[in-house]
2 protein chains.
Amino acid sequence: MSKTRITLKDVANKVGVHSSTVSRVLNPDTRKMMTEEIAEKILKVAAEMGYRPNAFAQSLKTNRSFTVGVMVPDLTNPAFAPIIKGIDNMLEAHGYSVIVANTYNLPDKQQSTAEKFRERHVDGLIIATAQRKDKLIEDCRREGTPFVQAVRASNDTDVSSVLSDEHIGGNMVISHLAQLGHKRIAYVAGPQFFSTGYERYQGFLQGMKNAGLKADKDLVVFCDEFSEEEGRHATSKLLAGRKKFTAVYAGNDIMALGVYDELEADGIKCGKDISVVGFDDMPFADKFNPPLTTVHTPLVNVGSEAARILLEKINDAATPARSIKLKPDLIVRESTGKVR
Amino acid sequence: MSKTRITLKDVANKVGVHSSTVSRVLNPDTRKMMTEEIAEKILKVAAEMGYRPNAFAQSLKTNRSFTVGVMVPDLTNPAFAPIIKGIDNMLEAHGYSVIVANTYNLPDKQQSTAEKFRERHVDGLIIATAQRKDKLIEDCRREGTPFVQAVRASNDTDVSSVLSDEHIGGNMVISHLAQLGHKRIAYVAGPQFFSTGYERYQGFLQGMKNAGLKADKDLVVFCDEFSEEEGRHATSKLLAGRKKFTAVYAGNDIMALGVYDELEADGIKCGKDISVVGFDDMPFADKFNPPLTTVHTPLVNVGSEAARILLEKINDAATPARSIKLKPDLIVRESTGKVR
DNA sequence: AAAAACTATGCAAACGATTGCATAACATAT
DNA sequence: ATATGTTATGCAATCGTTTGCATAGTTTTT
């Protein structure tokens with residue numbers, strides 16, 4: 001990267017014009033200010049000389065970096081790769097680069113990551129890590145930082161977000177289980193300080209009500225994190241309780257795997273003795289044993305929609321806030337079956 | 001991001017020194033040039049005022065961006081997330097940000113991605129997309145771009161790379177299968193223009209030889225890509241052939257899933273009628289049906305080692321090239337069993 | 001005491017691009 | 001022909017930081 005650099009001045013000297021003229025020709029917005037004859041000559045020479053703008057100099061002057069910071073909890077959670085893919089495809093097509101950071105659901109890490117993004121003057125943020133009440137969101141609003149929340153959102157009402165409709169998802173799950181004859185349905189809830197945890201629980205409650213079933217507090221366990229271990233632990237508690245149940249709805253696929261673990265350890269047949277449903281349809285959910293019935297959220301679309309909205313915000317700060325809820329689908333596989 | 005900026009000059013005015021003094025105090029390498037009294041005063045005032053260097057101005061002057069470009073084939077392949085994680089953890093600790101790009105194994109995409117990274121003046125590259133003969137590697141060498149290859153490498157001999165030892169892996173697999181009594185072992189090979197495809201095939205051949213078994217050309221299928229579909233297609237061809245076999249070794253876990261698909265479609269019991277082995281131990285391989293026996297490559301370590309070497313190269317261009325092969329482990333699960 | 005060496009700090013040039021403003025050249029109206 | 005309006009281009013300031021060099025002040029050596 002220490003190769004001799006061709007600058008605007010080099011091109012200008014070769015064509016016999018001033019560097020500001022070259023700059024204006026190379027910017028499509030100002031090209032029309034120059035005659036076509038000079039413009040063609042400049043474009044030709046710039047290409048021949050291999051001129052490439054210095055991004056730092058541009059950014060220093062324009063205060064724009066054409067980067068976007070994306071915060072995810074943990075890139076090794078397979079649900080986030082499709083989201084990033086959707087984000088990257090959209091932003092890359094508009095000349096932006098994506099800087100991804102993991103926060104591991106640690107608030108301190110989230111703050112230091114935000115700080116780093118500020119130092120880098122990212123043009124905007126996509127935040128997939130927000131809690132329902134989140135200082136980062138407050139900070140971004142106060143500072144006027146363009147941002148969009150993806151997957152999870154804070155409680156703030158006039159901020160943009162792209163989520164999956166967790167209530168529709170919950171209704172679908174309970175309806176499916178009810179049709180299979182299930183009446184005692186347990187719920188393994190994610191942390192309530194995340195909107196995914198909270199809203200999926202509300203969706204469970206609503207689904208039960210709509211199916212004419214009674215939601216039983218003793219058949220609900222609230223987990224501290226969306227993890228396999230917590231899912232397993234919750235299932236262990238449910239099985240140790242006095243209330244029997246014939247189905248478990250887990251707040252995401254990772255926790256559903258924990259449910260699987262516990263059922264298997266206790267010699268309970270998943271899909272036959274007890275039905276299990278997850279949420280997200282993360283990659284390879286169809287390869288599990290048994291293939292997991294789950295709510296498919298269009299993760300790539302979540303990413304690309306979030307990126308689209310962010311681009312609008314960056315280009316026009318007056319873009320009104322927008323909260324988009326994408327409709328999920330229930331994918332029935334072999335982890336659910338008729339009540340025995 | 002349009003908040004009023006505090007500059008070096010503002011801090012300098014407040015302390016009553018020159019901005020170059022502030023700059024030298026804030027740089028640990030030059031702090032000792034200033035008296036402790038002035039240094040403490042500057043550090044205090046800078047913190048109080050919330051001074052933050054302008055990264056663009058720094059980069060324009062120093063020609064350093066403190067970013068690293070990472071090229072992966074496809075972020076949704078679960079094997080790459082741990083690699084990125086390892087890379088990010090190491091680089092982030094040294095003040096770098098990671099810009100990730102997907103190339104989808106398309107050479108044109110790889111070239112345009114490299115071009116974008118050049119425009120951004122990333123300080124170095126980690127390339128997880130190289131073919132055995134790859135123009136990008138030639139370009140980087142000619143230009144003196146610091147880079148390290150990860151997972152896959154080109155044939156060039158004096159370039160740095162961090163790989164898994166595919167031969168050791170192959171030997172482990174064949175030895176394991178031989179111990180289970182398998183003699184007719186089929187191999188589903190990845191594309192030979194990738195080092196992973198080629199070297200894992202060589203490992204297969206070497207393992208067979210070392211186990212005193214005859215590698216049979218009719219029991220080898222070469223795939224055009226590392227994909228589930230190709231793995232399935234290859235298995236279909238193997239089953240349609242005249243040679244019987246009792247085990248399949250697939251060049252990666254994704255292709256092993258394709259092997260699973262075909263066996264299941266044909267009513268063949270995986271792990272009982274035919275044993276299956278993969279390579280990579282991608283996340284959730286233990287959740288498959290049956291849990292996959294596979295070669296575990298320490299993906300996070302591949303990432304962090306590659307990042308470490310790259311940092312050395314960036315800091316000292318004379319760092320000698322180094323090719324590291326990490327030792328894999330065989331993880332035996334339920335997809336392999338005794339010959340029937 | 002004078003000369004030489006060392007240290008601390010300020011000055012200003014440089015990095016490369018963008019863009020407001022000035023002005024020369026050209027076109028149109030009187 | 002003269003006055004007015006429009007267009008094309010160059011000049012130079014700006015963005016904010018780093019760093020070579022100059023120089024004033026201090027310390028050490030002769």
Side-chain angles (χ1 to χ4, degrees), chain A residues 1-43 45-46 49-67 95 118-121 123, chain B residues 1-43 45-46 49-67 95 118-121 123:
Chain A
M1 299 269 151
S2 49
K3 177 183 162 178
T4 304
R5 161 176 291 291
I6 311 293
T7 67
L8 279 187
K9 202 160 194 175
D10 299 324
V11 177
N13 287 343
K14 188 126 191 201
V15 178
V17 295
H18 191 261
S19 63
S20 67
T21 302
V22 178
S23 177
R24 290 191 171 108
V25 166
L26 293 180
N27 178 355
D29 290 345
T30 49
R31 182 166 306 153
K32 289 214 179 63
M33 286 167 64
M34 308 292 147
T35 65
E36 274 206 29
E37 180 191 4
I38 289 190
E40 281 178 17
K41 206 165 176 186
I42 287 172
L43 289 170
V45 170
M49 295 180 80
Y51 168 76
R52 209 178 275 146
N54 182 316
F56 308 140
Q58 286 186 328
S59 300
L60 180 58
K61 185 64 186 174
T62 63
N63 214 27
R64 292 284 303 275
S65 68
F66 287 94
T67 57
R118 279 189 201 100
E119 285 173 17
R120 289 206 174 277
H121 281 88
D123 293 335
Chain B
M1 301 267 153
S2 48
K3 176 182 165 181
T4 305
R5 158 177 293 290
I6 310 293
T7 67
L8 279 185
K9 204 161 194 175
D10 299 323
V11 177
N13 287 342
K14 187 122 192 208
V15 177
V17 294
H18 191 262
S19 62
S20 65
T21 302
V22 179
S23 179
R24 291 192 171 105
V25 166
L26 293 180
N27 177 356
D29 290 344
T30 49
R31 182 167 305 152
K32 288 212 179 63
M33 286 166 64
M34 307 290 146
T35 66
E36 275 207 30
E37 179 190 4
I38 289 190
E40 281 177 17
K41 204 163 177 187
I42 288 171
L43 289 169
V45 170
M49 295 180 81
Y51 168 75
R52 209 179 277 146
N54 183 313
F56 308 139
Q58 285 185 328
S59 300
L60 180 57
K61 184 64 186 174
T62 62
N63 215 27
R64 291 286 302 275
S65 67
F66 286 95
T67 56
R118 279 189 202 101
E119 284 173 16
R120 289 204 173 278
H121 281 88
D123 293 334

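Naming: A, B, ... by sequence-line order, numbering from 1 per chain.
Straight-line distance from the CG atom of Asn63(B) to the P atom of dC15(C): 11 Å, rounded to whole Å. Protein atom CD1 of Ile38(B) is 13 Å distant from nucleotide atom C1' of dG25(D), rounded to whole Å. Rounded to a whole Å, the NZ atom of Lys32(A) is 18 Å from the C1' atom of dT6(D). If you measure from atom CG of Leu26(A) to atom C1' of dT19(C), you get 15 Å, rounded to the nearest angstrom. In this structure, CZ of Phe66(A) is placed 10 Å from P of dT18(C), rounded to the nearest angstrom. Rounding to whole angstrom units, NZ of residue Lys41(B) and P of dA8(C) are separated by 17 Å. Atoms CG (Leu60(B)) and P (dG16(D)) sit 12 Å apart, rounded to a whole Å. Summarising the geometry, the separation between CZ on Arg64(A) and P on dT19(C) is reported as 11 Å, rounded to the nearest angstrom.
Nearest heavy atom pair, residue Gln58(B) against residue Pro53(B), reads NE2-CB, 3.5 Å.
For the helix from dA1(C)-dT30(D) to dT30(C)-dA1(D), the end axes, each set by the C1' atoms of five terminal pairs, are bent relative to each other by 50° (nearest 10°).
Of all the residues in residues 10-17 of chain B, Val17(B) reach under 4.0 Å from DNA chain C with at least one non-hydrogen atom.
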Nucleotide N/O of nucleotides 17-20 of chain D paired with protein N/O under 3.5 Å:
residue, atom, partner, partner atom, Å
dT17(D), OP1, Tyr51(B), OH, 2.6
dT17(D), OP1, Asn54(B), N, 3.4
dT17(D), OP2, Leu8(B), N, 2.8
dT17(D), O5', Tyr51(B), OH, 3.4
dT18(D), OP1, Gln58(B), NE2, 3.1
dT18(D), OP2, Ser23(B), OG, 2.3
dT18(D), O2, Lys61(B), NZ, 3.3
dG20(D), N7, Arg24(B), NH2, 3.4
dG20(D), O6, Arg24(B), NH2, 2.8

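Atoms CG and CZ, from Leu26(A) and Arg52(A) in turn, are 13.5 Å apart once rounded to the nearest 0.5 Å. The CG atom of Asp10(B) sits 9.5 Å away from atom OH of Tyr51(B), with the distance rounded to the nearest 0.5 Å. With rounding to the nearest 0.5 Å, the separation of OG1 in Thr21(B) from NZ in Lys41(B) is 12.5 Å. Atoms CG and NE2, from Leu60(A) and His121(A) in turn, are 10.5 Å apart once rounded to the nearest 0.5 Å. Annotation: the span from Lys61(A) atom NZ to Asn54(A) atom CG amounts to 14.5 Å, rounded to 0.5 Å. Here Ser59(A) contributes atom OG and Asp123(A) contributes atom CG; the two are 8.0 Å apart, rounded to the nearest 0.5 Å.
Side-chain contact between Val25(B) and Glu40(B) is absent, with no heavy atoms from C-beta onward closer than 4.5 Å. Taking 4.5 Å as the limit, every side-chain heavy atom of Arg31(B) sits out of range of all side-chain heavy atoms of Asn27(B).
Ser19(A) contributes no side-chain N or O that, together with a main-chain N or O of Leu8(A), makes up a donor-acceptor pair within less than 3.5 Å.
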Run the side chain to side chain contact (heavy atoms under 4.5 Å, CB included) check on Arg5(B) and Thr7(B) step by step: do they pass?
CA-CA 6 Å; Arg5(B) 158 177 293 290; Thr7(B) 67; 3.8 Å; yes
